[in-house]
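Every heavy atom of this structure was used, including side-chain atoms; hydrogens, water molecules and symmetry mates were not. One-based numbering, in listed order, for ligands and for the atoms of each.
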Amino acid sequence: MDIFLDTADIEEIKQAAALGILSGVTTNPSLMMKAGQSDYKTVTQEICSIVQGPVSAEVISTDADSMVEEAKVIGQWSPHVVVKVPVTEEGLKAISRIAELEVDPETLCEGCPWFGECDTDIETARDLAELWGIRTNATLVFSANQGLLAAVAGASFVSPFVGRLDDAGHDGMEIVAMIAEIFDTYGFDTEIIAASIRHPLHITQAALAGAHIATVPWGVLRKAIGHPLTDVGLERFLADWDKVKKG
Ligand code: E4P
């Protein structure tokens, strides 16, 4: 299972990337607001240049025509960008139409401030865009049916919101497991992103439930790395080594 970071905070993304365990990032308008980011394009391009993996940027329109227009723009920012679309009737229409779109190689990565220093050169970017087209992440998934329908519509990723389901008194991880079983049975290529992760146990449970990815807030990821017994064990090893050196 891959680990994505659920944030729009550049410093958090750099710290997680330095750990060598980061495969992608998910953002949304609330995370942009929290990180104090208003230039959606520039911040998304910076995240793409750091991560070199799928980076979700969400549409803010609610009707299919406008979502598709937004996707055409967002899809040109980077081959790594994934357009996040909510699962509604209009959202499903948009997902199926976006799946048919092609990226314009001439304007791909246009205006990117990290152009030239990014690990993805323009030739590679064009090859990837030709291969992938414009990928979508079906977001705000709260049922197995929503996950299934998004996959049928052609979504590359679906994001069941585990924590918000738990908050509402449901078992969020059960939805992840159901979607995983359905995708497995019918051979969908769509990847499951366990989203709305609230604590380290959610990461383990997502892996066991068959999620391909868990998108995790930085605070939760740090908690998952640490363990008090690791700290105590390390302290003891260092203290013993000190004694060895002193003879
Ligand atoms: C994922 O794509 C969403 O941005 C995110 O996981 C939502 O999490 P929340 O329920 O903590 O807002």
Side-chain angles (χ1 to χ4, degrees), residues 1-10 12-13 16 21-38 40 43-44 47-48 51 53-62 67 70-71 74 77-78 80-88 91-92 94-95 98 134-143 146-147 150-151 153 155-177 179-180 190-207 209 211-224:
M1 186 182 74
D2 285 335
I3 301 295
F4 285 9
L5 208 62
D6 196 26
T7 188
D9 186 307
I10 297 293
E12 290 182 353
I13 293 165
I21 57 168
L22 190 63
S23 302
V25 166
T26 49
T27 71
N28 63 38
S30 307
L31 292 170
M32 287 283 173
M33 185 196 70
K34 197 171 153 203
Q37 303 283 6
S38 55
Y40 211 178
V43 72
T44 304
I47 297 171
C48 288
V51 175
V55 173
S56 290
E58 189 158 345
V59 296
I60 47 162
S61 309
T62 51
M67 287 184 200
E70 272 192 71
I74 295 171
W77 293 350
S78 162
H80 298 297
V81 88
V82 175
V83 180
K84 219 173 179 190
V85 179
V87 178
T88 58
L92 285 181
I95 288 168
I98 295 166
I134 301 178
R135 294 172 294 170
T136 51
N137 172 2
T139 192
L140 291 168
V141 168
F142 293 98
S143 72
Q146 287 181 314
S156 301
F157 302 91
V158 297
S159 293
F161 275 37
V162 175
R164 292 193 199 184
L165 275 163
D166 288 357
D167 290 345
H170 299 284
D171 180 354
M173 213 50 81
E174 199 185 340
I175 303 297
V176 174
I179 297 173
T190 308
E191 293 190 71
I192 303 165
I193 305 178
S196 189
I197 295 288
R198 297 281 162 77
H199 48 73
L201 188 56
H202 269 159
I203 303 174
T204 315
Q205 290 170 332
H212 301 90
I213 298 147
T215 188
V216 186
W218 177 229
V220 175
L221 187 60
R222 293 188 75 192
K223 280 188 199 159

**Message:** Take a 6.0 Å sphere around CZ of Arg222 and say whether it holds more than 12 heavy atoms from other residues, nucleotides or ligands.
**Reply:** no
**Results of salt bridge (Lys or Arg N to Asp or Glu O under 4.0 Å) for Arg164 - residues two or more places apart only** = none
**Asked** Sequence neighbours excluded, which residues qualify as ring-ring contact (aromatic ring centres under 6.0 Å, His included) partners of His170?
**Response** none
**Request:** For Asp171, check salt bridge (Lys or Arg N to Asp or Glu O under 4.0 Å) against everything at least two apart and list the hits.
**Result:** none
**Request:** Flag the pair Val51 / Phe4 as yes when at least one side-chain heavy-atom distance between them is below 4.5 Å, and no otherwise.
**Result:** no
**Asked** Is any side-chain heavy atom of Pro200 less than 4.5 Å from a side-chain heavy atom of Val220?
**Response** yes
**Asked** Taking any residue with a non-hydrogen atom under 4.0 angstrom from an atom of ligand 1, which ones do you get?
**Response** Asp6, Thr26, Asn28, Leu31, Lys84, Phe161, Arg164, Ala195, Ser196, Arg198
